[in-house]
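First comes the structure, then the notes that go with it.
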Amino acid sequence: MTRSFFARALAAPILAAVAPVASADQLEDRYMEAQAGFEKRLNAFYVSRVPEMAGKIPQFMEDPRAREAILCGFDYIRENAGEAGAEELVTWVEGMASSPVESFDDLSAAPEGRVGDVMMEAVQACESIAITQELMEASGMMEMFRDPEVLGRLMDDGS
């Protein structure tokens, strides 16, 4: 047997052990990319309805605490709904990121079943709502949401 055969024989188990890790990282990367895409679409929706909101919308994907909470939620789902649940979540967020946001109704959907349930648990476990509210308060966006006229413009379905 040649030296190259032994090198390949020893490398195969190492590559097999590393492959799931690389796949998990790729799934996380897809998730974060989809989150960033969805944030851009959502922000564009807000500004299309309320131009004065430009500059007051927090950039969650650029905020370390918000990114940490987003990753925490992803990890929580992976731990509690498995790799299949994490893949389902990523696919759902990718769909949200590639679909136009034309009304608040477009934002009300959530994955059904176990992933949707675990997603709600993750939001609580990772303090996502508290962090979101803090950032929205600091930017002035929350104050705008308290204005009935602004809310009316955001919720107007065009009919």
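The residues of the chain are indexed from 1 along the displayed sequence.
- Note that CD of Glu79 is 11.0 Å distant from CZ of Phe74, once rounded to the nearest 0.5 Å.
- Counting only N and O atoms by type, the side chains of Ser98 and Glu94 include no donor and acceptor under 3.5 Å apart.
- Counting only distance, with no hydrogens or angles, the side chain of Glu127 and the backbone of Ala125 share no donor-acceptor pair below 3.5 Å.
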> Under the side-chain contact (heavy atoms from CB on, under 4.5 Å) criterion, do Trp92 and Met119 qualify, and how do the steps go?
Replying inline: CA-CA 12 Å; Trp92 177 75; Met119 193 167 88; 4.0 Å; yes

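- For the pair Asp156 (side chain) and Gly152 (backbone), a donor-acceptor distance under 3.5 Å is absent.
- Heavy-atom contacts from other residues, nucleotides or ligands closer than 6.0 Å to CD of Glu33 number 12 or fewer.
- The closest side-chain heavy-atom distance from Arg49 to Met155 is not below 4.5 Å.
- Side chain of Arg41 to backbone of Ala97: a donor-acceptor contact under 3.5 angstrom is found.
- Closest non-hydrogen pair, Val90 versus Tyr31, comes out as CG2-CB, 3.7 Å.
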> Could you go step by step and tell me if Tyr46 and Phe145 meet the ring-ring contact (aromatic ring centres under 6.0 Å, His included) rule?
Replying inline: CA-CA 11 Å; Tyr46 286 145; Phe145 271 18; 5.7 Å; yes

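- Clustering ILVMFWY residues whenever any of their side-chain heavy atoms sit less than 4.5 angstrom apart, transitively, puts Val123 in a cluster other than the one holding Met136.
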> Run the side-chain contact (heavy atoms from CB on, under 4.5 Å) check on Glu28 and Asp75 step by step: do they pass?
Replying inline: CA-CA 9 Å; Glu28 183 179 288; Asp75 291 340; 4.0 Å; yes

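- A 6.0 Å sphere centred on CD of Gln59 holds more than 12 heavy atoms belonging to other residues, nucleotides or ligands.
- Counting all heavy atoms, side chain and backbone alike, Pro51 lies closest to Arg153 at CD-NH2, 3.4 Å.
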>> salt bridge (charged side-chain N to carboxylate O under 4.0 Å, His left out) for Arg30 and Glu87? Distances and angles first, verdict last.
In response: CA-CA 10 Å; Arg30 281 178 48 209; Glu87 176 68 41; 3.1 Å; yes

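- Annotation for Glu52: atom CD counts as buried by contact number, over 12 foreign heavy atoms lying within 6.0 Å.
- Counting all heavy atoms, side chain and backbone alike, Pro58 lies closest to Leu135 at CG-O, 3.5 Å.
- You'll find the side chain of Leu154 reaches within 4.5 Å of the side chain of Met53, heavy atoms only.
- Enclosure of atom CD in Glu143 is not indicated, since only 12 or fewer non-hydrogen atoms of other residues, nucleotides or ligands lie within 6.0 angstrom.
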> When you look at Asp63 and Arg67, which way does the side-chain contact (heavy atoms from CB on, under 4.5 Å) test go after all the steps?
Replying inline: CA-CA 6 Å; Asp63 182 87; Arg67 283 183 65 85; over 6 Å; no

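- In this structure a side-chain-to-backbone donor-acceptor pair under 3.5 Å is present from Glu39 to Phe60.
- Judged by distance alone, the side chain of Ser99 and the main-chain N or O of Met96 form no donor-acceptor pair under 3.5 Å.
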>> side-chain contact (heavy atoms from CB on, under 4.5 Å), that's the test. Do Leu89 and Val93 meet it? Break it down for me.
In response: CA-CA 6 Å; Leu89 173 70; Val93 175; 4.1 Å; yes

